[in-house]
Amino acid sequence: MGVSYLPSTRRTLLLITASSPAIRKVRRARVLNFQQITMPYLAACAPANWEVVHIDEAVSPVDVTLEVDMVGITFHTPSAFHVYDLATQFRRRGIPVVLGGPHVTLMPNEAQAHADVIFVGEAELHWPQFLRDFETGQYARRYSSNVPPTLENVPMARKELFHRRDHTGGVLFATRGCTHGCDFCTLAVIYQRKVRKRPVAAVAAEYASFRGKVIILWDDNLANDREYAKALFRAIEPYKKWWSSQATIQAGEDAEFLESAARSGCKQLFIGLESISQASMNEVHKGFNRVEGYARVIERIHAHGIAVQAGIVFGFDNDTEAVFDETLDFLEAAGVQNATFNILTPYPGTRLYQRLEAEGRILTRDWSKYNGREDVVFQPRHMSSETLLEGFRYANRRFYSCGSIYQRLSRSPVGLWWTLPLNLAYMLAFGMVNGWSP
Ligand code: B12
């Protein structure tokens with residue numbers, strides 16, 4: 001750190017989107033392997049004299065012998081130990097390592113021990129200045145974003161640094177954060193429940209800049225500000241692309257939202273239904289999900305020609321062994337086109353983690369097991385962890401079986417031309433990964 005450099009000479013920055021071997025195994029069953037925006041976006045925020053190389057571990061391994069001036073790594077909790085190992089290898093060669101992303105924000109002291117510099121929270125306020133300061137050797141070991149940055153003037157992510165072949169035409173975000181504070185969700189901690197919005201015109205320009213037809217808006221909850229969303233839909237409608245995003249069930253209660261979303265090319269909404277038990281929703285402070293209204297809301301979304309991808313979590317304290325069949329019965333009756341099943345995972349830093357820890361129910365602190373798909377890391381209330389894991393696998397198997405696909409897609413044939421091939425692809429992918437045939 002004491003070395004001083006001449007400012008504004010050329011520097012090389014290696015940015016890594018980390019993915020551990022374990023998480024790659026988990027994600028093999030996902031047919032769609034979405035681009036990650038963070039590093040192409042941070043690259044766009046770097047001063048011009050920094051040449052950026054991006055390695056996305058979902059696509060290619062990291063070459064730890066590369067000659068660079070600095071390494072920056074972004075990672076989720078399940079990749080933490082793997083990243084600390086990578087960091088050690090670069091630091092042994094005298095290359096400074098900067099860590100950031102969700103796990104660093106949730107566990108800053110742990111991450112600090114493995115890095116020269118950490119970024120806690122959002123980076124917009126300090127990242128460009130930090131890179132300039134690095135050149136003079138005058139920089140801090142920790143940068144924290146106490147005030148959530150405005151997104152008024154942010155650049156577009158650098159497209160040439162996207163590496164995955166993910167069957168979409170482009171990924172971007174319009175808003176960041178979510179107003180809700182659900183116990184299991186890390187976003188309430190990471191973004192402090194502060195929602196920020198990019199100017200509609202800037203988002204529309206980025207949306208239009210992708211050559212492909214299918215766009216993912218990686219917003220945490222596009223229904224946070226429905227008036228903003230409607231203005232955005234009007235602005236992107238002329239480009240005649242197809243898009244998908246994440247939203248709460250409240251999106252489905254607003255007919256005007258659905259109508260303008262559909263007109264602008266919305267083909268699917270990821271809706272965090274989480275559970276079909278109202279008691280479970282209340283238990284984790286997501287009581288605004290009114291379970292008795294699910295079927296009606298899904299029907300309304302379908303009526304606008306929009307498919308539903310349901311986010312479902314198993315393992316809440318109210319869940320018994322019956323939850324798997326009851327949930328599947330519901331999804332089939334409602335004609336839900338796609339679903340992402342998760343095992344409840346108490347990510348460190350969340351209220352859920354604190355509660356389970358106080359109750360002595362955290363089974364392991366091996367973060368690589370915090371993947372939500374392969375391991376149960378806490379003691380469930382009404383079943384064994386083996387039953388929870390088996391029930392989760394059963395749900396995937398049943399949802400992507402021929403019988404269920406037929407039932408669901410015949411009941412609501414919205415977007416059959418693409419939902420049927422996608423369902424069949426998942427049926428094959430799960431079969432290959434788990435060694436069963438549907
Ligand atoms: C897109 C996305 C994905 C994509 C791509 C992720 C990838 N790495 O390939 C897919 C679908 C593959 C995915 C997978 C998973 N995801 Co994900 N994902 C997201 C999502 C919706 C958006 C991320 C994003 O692009 N944000 C926009 C960018 C610009 O913001 P950012 O990443 O927060 O970065 C900012 C700061 O954090 C900081 N920063 C970040 N990294 C770095 C690094 C450096 C060096 C610096 C200086 C700064 C910095 O700078 C940025 C600007 O301020 C987030 C929610 C969210 N809003 O973050 C969840 C989220 C990150 N995912 C989450 C989870 C749980 C998962 C999975 C475990 C799910 C699963 N069971 O499979 C996996 C793990 C994958 C992995 N590789 O480890 C959790 C994180 C939990 C955790 N503790 O890590 C989140 C927060 C969702 C949630 N509601 O809780 N995910």
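Remember, it's 1-based here, ligands and their atoms both numbered in the order they're listed.
Backbone and side-chain nitrogen or oxygen atoms of T74 are examined, and one is located within less than 3.5 angstrom of a nitrogen or oxygen of ligand 1. Remark: ligand 1 and I73 share no N or O pair separated by less than 3.5 Å (distance only, no angle test). Polar contact check, D220 against ligand 1: a nitrogen or oxygen pair lies under 3.5 Å apart. Residue-to-ligand polar distances place A123 within reach of ligand 1: an N/O pair is separated by less than 3.5 Å. Some N or O of H76 is nearer than 3.5 Å to an N or O of ligand 1, by distance alone. Geometrically, ligand 1 and T38 share a nitrogen or oxygen pair separated by less than 3.5 Å.
Near L106, meaning under 4.0 Å from any of its heavy atoms, are these atoms of ligand 1: 83 (N). Against a heavy-atom cut-off of under 4.0 Å, W127 is close to the following atoms of ligand 1: 47 (C). In summary, the atoms of ligand 1 found under 4.0 Å from a heavy atom of N342, numbered by their order in the structure, are 71 (N). Every atom of ligand 1 is numbered from 1 in the order shown, and the set under 4.0 Å from a heavy atom of E124 is 52 (C), 53 (O).
The residue T345 has no part lying near ligand 1, judged by heavy-atom distances below 4.0 Å. Only the side chain of L42 comes within contact range of ligand 1, with a heavy atom under 4.0 Å; no backbone atom does.
Distances from atom 38 (C) of ligand 1 to the heavy atoms of G72, G121, P102, G100 show the closest one on G121. The option with the heavy atom closest to atom 30 (O) of ligand 1, from among F75, Y370, Y191, is Y191.
For the ligand labelled ligand 1, residue C185 lies inside the 4.0 Å heavy-atom shell.
In this structure, K159 forms a cation-pi arrangement with F210, its terminal cationic atom sitting closer than 6.0 Å to the ring centre and no more than 45° off the ring axis.
Residue M39 comes nearest to T74 through the heavy atom pair CE-N, 3.3 Å, listed as atom of the first residue, atom of the second, then distance.
A tilted orientation is assigned to the rings of Y139 and F134, their planes being inclined by 30° to 60°.
Salt-bridge annotation for R10 and E135: absent, with no side-chain N of the basic residue lying under 4.0 Å from a carboxylate O of the acidic one.
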